[in-house]
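Worksheet for the structure shown next.
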Number of protein chains: 2
Amino acid sequence: MGAEQVTDLAWRALADRNRRAILRAIRAGPQPVGAIAEQVGLSQQTTSHHLGVLRKAGLATGHREGTRHLFAVDPDGLAAVRSYVDDFWPRKLSDLKTAVESRWEKADG
Amino acid sequence: MGAEQVTDLAWRALADRNRRAILRAIRAGPQPVGAIAEQVGLSQQTTSHHLGVLRKAGLATGHREGTRHLFAVDPDGLAAVRSYVDDFWPRKLSDLKTAVESRWEKADG
DNA sequence: GCATAACACAAGCAGGCATTTGTACTTATG
DNA sequence: CATAAGTACAAATGCCTGCTTGTGTTATGC
């Protein structure tokens, strides 16, 4: 078991466009659920549900302040996704690209 | 319309664990469908289906060679995902993290 | 032209997930 | 305790999607 199992929830969470919109909404700073719902154009219940998914995926953190619940981006979860993607470009992206294309030419020749 | 619509297919494609396994299987170099299916433990039809999804998402490229169909990673699609993720860490990851945590303390105080 | 290998396409089924609707919980106020 | 604001939880619904099964398509060998 590697980082695959760890980031599986994060990948599935990021697959939804509304959840990515939520992450962008709280990117600048923590915001309550109601404000987030208004920004992304979803109901309070749906937004709360998505925030729970993002929370369990390690992509968002919550903090209670009175009757409100402020949510913010959790950099740790996104760092895991980033390192996963980075694993596909050890050094230079162009190197891999040219390597692949040269294989196509080999196959053609 | 920004990069959100463009990368939506890529995000949904990467949400599936088997498709990520397929990407890792063809990471070193182009391979035929049968070999990929054997590596990831899926049927030929299912693997072909997933490769089609990855192809439409811009994450994999295919090339016919006789009766075989070689697939390889498409760096362009993954680059789009990478730039999306990078957008959450403009400079230093730790800066955002401490900024968020300091807001929590403000809220508590 | 026929058989075989490798792969893609299509229909059907089952599970997962996003959304809605309704409601309970927590906190502040009087 | 009663009320209002903000949010989370639960059931129901409809859609999307991954997998299976069956079949069509393309290329090689005889």
Side-chain angles (χ1 to χ4, degrees), chain A residues 4-5 7-26 29-72 104 107-109, chain B residues 4-5 7-26 29-57 59-72 103-104 107-109:
Chain A
E4 178 64 21
Q5 284 186 341
T7 53
D8 186 57
L9 286 174
W11 281 116
R12 290 192 298 179
L14 288 168
D16 190 75
R17 180 179 298 183
N18 288 328
R19 281 196 287 262
R20 294 197 301 274
I22 289 175
L23 281 180
R24 260 188 275 100
I26 62 179
Q31 287 188 11
V33 179
I36 300 171
E38 197 170 355
Q39 285 187 42
V40 299
L42 294 175
S43 69
Q44 177 268 318
Q45 289 90 336
T46 302
T47 305
S48 177
H49 167 68
H50 285 317
L51 284 168
V53 174
L54 290 170
R55 204 160 107 97
K56 291 176 183 174
L59 296 171
T61 56
H63 183 272
R64 204 127 195 205
E65 183 178 345
T67 62
R68 301 183 189 178
H69 201 161
L70 299 180
F71 280 91
W104 287 164
D108 286 332
Chain B
E4 177 63 22
Q5 284 185 341
T7 53
D8 186 57
L9 286 174
W11 280 115
R12 291 191 298 180
L14 288 168
D16 190 73
R17 180 179 299 182
N18 289 328
R19 281 197 285 262
R20 294 197 301 272
I22 289 175
L23 281 181
R24 262 188 272 100
I26 62 179
Q31 287 189 11
V33 178
I36 301 170
E38 198 170 355
Q39 286 188 41
V40 299
L42 294 175
S43 68
Q44 176 267 319
Q45 288 89 338
T46 302
T47 305
S48 178
H49 166 68
H50 284 316
L51 284 169
V53 174
L54 290 170
R55 203 161 108 96
K56 290 177 183 174
L59 295 171
T61 55
H63 182 271
R64 207 127 194 206
E65 183 177 345
T67 63
R68 300 182 189 177
H69 201 159
L70 299 179
F71 280 91
R103 293 224 181 192
W104 288 163
D108 286 332

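Note on naming: letters A, B, ... go to the chains in the order of the sequence lines (proteins, then strands), and numbering restarts at 1 for each one. The figures here come from the full heavy-atom set of this structure, side chains too, leaving out hydrogens, waters and symmetry mates.
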> Should A/Arg17 and B/Trp11 count as side-chain neighbours, where that means a heavy-atom distance under 4.5 Å?
Replying inline: no
>> Just so I know, are the side chains of A/Asp8 and B/Arg20 near enough to count as touching, which here means a heavy-atom distance under 4.5 Å?
In response: yes
To the nearest angstrom, how far is [X] atom [atom1] from [N] atom [atom2]?
| X | N | atom1 | atom2 | value |
| --- | --- | --- | --- | --- |
| A/Arg68 | D/dA4 | CZ | C1' | 14 Å |
| A/Asp8 | C/dG16 | CG | P | 13 Å |
| B/Glu65 | D/dT28 | CD | P | 10 Å |
| B/His49 | D/dC16 | NE2 | C1' | 11 Å |
| B/Arg17 | D/dT17 | CZ | C1' | 17 Å |
| B/Arg64 | D/dT28 | CZ | P | 10 Å |
| B/Asp16 | D/dC16 | CG | P | 17 Å |
| B/His63 | C/dC7 | NE2 | P | 14 Å |

>> Please tell me if B/Ser43 has a side-chain N or O lying less than 4.0 Å from either OP1 or OP2 of D/dC19.
In response: no
>> Whether B/Ser48 contacts C/dA8 is assessed here as follows: a side-chain N or O lying under 4.0 Å from the phosphate OP1 or OP2. Is that the case?
In response: yes
> Starting at the 5' end of DNA chain C, which residue's closest nucleotide do you reach first, A/Val53 or A/Thr67?
Replying inline: A/Val53
>> Pick the closest DNA chain C nucleotide for B/His69 and for A/His50 by heavy atoms, then say which residue is nearer the 5' end.
In response: B/His69
Taking the minimum atom-to-atom distance to the side chain of [X], which one of [options] wins?
| X | options | result |
| --- | --- | --- |
| B/Arg12 | D/dT17, C/dA18, D/dA8 | D/dT17 |
| A/Gln45 | D/dT20, C/dT19, D/dC9 | D/dC9 |
| B/Gln44 | C/dT19, D/dT21, C/dC7 | C/dC7 |
| B/Arg19 | C/dA18, D/dG18, C/dA8 | D/dG18 |
| B/Phe71 | D/dG6, C/dC7, C/dA8 | C/dA8 |
| A/Asn18 | C/dC7, C/dA18, D/dG18 | C/dA18 |

Distance check, rounded to the nearest 0.5 Å: [X] atom [atom1] versus [Y] atom [atom2]?
| X | Y | atom1 | atom2 | value |
| --- | --- | --- | --- | --- |
| A/Leu51 | A/Lys56 | CG | NZ | 12.0 Å |
| A/Asp16 | A/His50 | CG | NE2 | 5.0 Å |
| A/Leu14 | A/Arg19 | CG | CZ | 8.5 Å |

